[in-house]
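Here is the structure we will look at.
Every chain is numbered from 1, with letters handed out A, B, ... down the list of sequences.
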2 protein chains.
Amino acid sequence: MKIGELAKKTDCSVQTIRYYEKEQLLCTTQRSDGNFRLYDEAAVEQLLFIKLCRNLDLSLSEIRQLLTLKRSPGAQCDQVNRMMDTHIQQVETRIQELVQLREHLKVLRRSCSSERTIEQCGILQTLTTNQHQKR
Amino acid sequence: MKIGELAKKTDCSVQTIRYYEKEQLLCTTQRSDGNFRLYDEAAVEQLLFIKLCRNLDLSLSEIRQLLTLKRSPGAQCDQVNRMMDTHIQQVETRIQELVQLREHLKVLRRSCSSERTIEQCGILQTLTTNQHQKR
DNA sequence: CTTGACTCTATAGTAACTATAGAGTTTAAA
DNA sequence: TTTAAACTCTATAGTTACTATAGAGTCAAG
């Protein structure tokens with residue numbers, strides 16, 4: 001099948017598919033006489049795998065590693081486990097950061113209300129006042 | 001003062017300062033005879049303001065808006081409030097997304113343990129098995 | 001044959017930095 | 001005065017994961 005069909009089957013844009021090829025995530029083993037890329041069912045599966053990993057926020061580099069590991073069926077899968085653990089930790093860390101940020105933003109937001117001028121704005125004052133304290 | 005001194009005072013890299021100038025967040029009103037940028041205390045304050053906003057994950061575009069608003073002391077500050085509300089909502093949304101992702105990753109992680117081969121790896125199988133179900 | 005849809009490669013853009021190259025300026029020490 | 005190191009400048013490119021566009025080629029149906 002050609003790239004447009006693959007794109008439809010996998011709900012992935014033609015441009016992204018070409019990008020993944022450039023990034024060595026998906027390869028095109030065949031071309032038509034007119035130089036069109038030709039894909040088989042294995043490519044469909046690989047692209048769906050890639051998309052699933054992207055949905056998990058795994059980076060292209062990590063996905064590349066998983067694809068490499070997948071090519072050694074007899075090898076130990078502890079690398080997969082380790083990658084997943086690291087990834088979970090990273091997500092957890094990011095959650096904590098965002099929770100803190102949200103609280104900070106809420107505090108800041110409460111320092112201002114309607115019917116004020118820029119000059120009286122508690123938010124801007126805090127952002128500016130903090131500077132003086134920092135110095 | 002010159003750019004290096006400003007960088008030290010604000011804990012901001014020389015390159016980032018130049019980048020902010022290019023992005024219209026900070027302007028250099030003076031240059032030395034040798035074409036070196038010259039900054040005053042107002043620039044220090046403005047850069048600290050920018051950094052504080054960046055720490056709140058506000059985009060450069062949003063910060064640009066705030067700086068513009070700051071230049072109209074008599075105007076209403078409801079735009080500031082609205083921006084903050086929108087930003088808080090975006091952070092909240094992202095937190096929810098990440099919490100869901102973390103749960104999904106944990107479920108996936110539990111499908112595998114040590115001492116398995118790639119072929120037996122529950123994580124990879126799930127990522128690959130899901131494809132078949134999708135079809 | 002014509003035309004519209006599809007495909008190709010190349011290039012540039014997004015956001016917020018970050019690094020490097022090569023050239024010019026400044027400053028302090030010899 | 002000279003020298004050398006530190007600092008500064010502009011231009012360009014890179015990071016990540018896409019996304020868009022231009023101009024040219026291919027294909028299939030009318």
Side-chain angles (χ1 to χ4, degrees), chain A residues 1-39 43 46-47 49-67 83 86-87 90-91 94 97-98 101, chain B residues 1-39 43 46-47 49-67 83 86-87 90-91 94 97-98 101:
Chain A
M1 82 192 78
K2 279 177 292 187
I3 195 168
E5 195 177 337
L6 178 63
K8 276 217 200 77
K9 272 199 168 189
T10 55
D11 193 32
C12 184
S13 77
V14 161
Q15 292 152 338
T16 303
I17 295 173
R18 288 201 201 99
Y19 175 68
Y20 287 159
E21 173 177 320
K22 184 162 173 263
E23 295 294 318
Q24 316 270 343
L25 286 170
L26 192 65
C27 67
T28 317
T29 52
Q30 284 179 331
R31 295 265 184 156
S32 72
D33 288 341
N35 202 33
F36 285 15
R37 294 168 174 79
L38 298 177
Y39 299 96
Q46 187 153 338
L47 186 51
F49 178 89
I50 292 165
K51 283 191 36 101
L52 222 30
C53 293
R54 282 297 302 129
N55 284 341
L56 297 176
D57 259 5
L58 288 164
S59 68
L60 296 193
S61 173
E62 285 167 326
I63 299 169
R64 211 175 284 121
Q65 279 178 58
L66 288 180
L67 288 170
M83 191 187 304
T86 300
H87 189 48
Q90 285 166 345
V91 171
R94 186 64 184 142
E97 287 171 0
L98 287 176
L101 172 59
Chain B
M1 81 192 80
K2 280 177 291 186
I3 196 169
E5 195 178 336
L6 178 63
K8 278 219 198 75
K9 271 199 168 189
T10 55
D11 194 33
C12 184
S13 77
V14 160
Q15 292 153 334
T16 302
I17 296 173
R18 287 201 202 100
Y19 175 68
Y20 287 161
E21 173 178 322
K22 182 163 174 265
E23 294 295 316
Q24 316 271 346
L25 287 169
L26 193 65
C27 66
T28 317
T29 53
Q30 285 179 330
R31 295 264 182 156
S32 72
D33 288 341
N35 202 34
F36 286 17
R37 294 168 172 81
L38 298 176
Y39 300 96
Q46 185 152 339
L47 186 51
F49 178 90
I50 292 165
K51 282 191 39 100
L52 220 30
C53 292
R54 284 300 300 131
N55 284 340
L56 297 177
D57 259 8
L58 289 163
S59 69
L60 296 193
S61 174
E62 285 165 327
I63 299 169
R64 210 174 284 120
Q65 277 178 60
L66 287 180
L67 288 170
M83 190 189 303
T86 302
H87 190 47
Q90 285 166 344
V91 171
R94 186 63 184 143
E97 287 170 359
L98 287 175
L101 172 59

Can you measure [X] atom [atom1] to [N] atom [atom2] for me and round it to whole angstrom units?
| X | N | atom1 | atom2 | value |
| --- | --- | --- | --- | --- |
| B:Glu21 | C:dA16 | CD | P | 18 Å |
| A:Tyr19 | D:dA17 | OH | P | 6 Å |
| B:Glu23 | C:dT18 | CD | P | 14 Å |
| A:Arg31 | D:dT26 | CZ | P | 13 Å |
| A:Ile17 | D:dA17 | CD1 | P | 17 Å |
| B:Asn55 | C:dC17 | CG | P | 10 Å |
| B:Met1 | D:dT8 | CE | P | 12 Å |
| A:Glu5 | C:dT7 | CD | C1' | 14 Å |

What are the two closest non-hydrogen atoms of A:Leu58 and A:Leu66, and how far apart are they?
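In this case the closest contact between A:Leu58 and A:Leu66 is CD1-CD1, 4.0 Å.
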
Name the pairs: protein N/O against N/O of nucleotides 24-27 of chain C, kept only if under 3.5 Å.
unit_1	atom_1	unit_2	atom_2	d
C:dT26	OP1	B:Gly34	N	3.4

Counting only side-chain N and O atoms of [X], is one of them less than 4.0 Å from OP1 or OP2 of [N]?
| X | N | value |
| --- | --- | --- |
| A:Arg64 | D:dA17 | no |
| B:Arg37 | D:dT8 | no |
| B:Tyr20 | C:dC17 | yes |
| B:Arg18 | C:dT18 | no |

Can you work out whether A:Val14 or B:Ser59 has the more 5'-proximal nearest nucleotide on DNA chain C?
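Nearest-nucleotide comparison on DNA chain C picks A:Val14.
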
Identify, between A:Ile3 and A:Lys22, the residue whose nearest nucleotide on DNA chain C lies closer to the 5' end.
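First, find each residue's nearest nucleotide; the 5'-ward one identifies A:Ile3.
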
Roughly how far, to the nearest 0.5 Å, is the SG atom of A:Cys12 from the CD1 atom of A:Ile50?
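Result: 8.5 Å between the selected atoms.
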
Salt-bridged, [X] to [Y], with N to O below 4.0 Å?
| X | Y | result |
| --- | --- | --- |
| B:Arg94 | B:Glu97 | yes |
| A:Lys2 | A:Glu5 | no |
| A:Arg54 | A:Asp11 | no |

If you apply the rule side-chain contact (heavy atoms from CB on, under 4.5 Å), what do you find for A:Thr28 with A:Leu38, and how did you get there?
CA-CA 7 Å; A:Thr28 317; A:Leu38 298 177; 5.6 Å; no

Where the side chain of B:Gln15 is concerned, which of C:dC17, D:dT10, C:dA19 is the nearest nucleotide?
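So the side chain of B:Gln15 is nearest to C:dA19.
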
As a quick check of understanding, evaluate side-chain contact (heavy atoms from CB on, under 4.5 Å) for A:Ile63 and A:Tyr20, giving each step before the final call.
CA-CA 11 Å; A:Ile63 299 169; A:Tyr20 287 159; over 6 Å; no

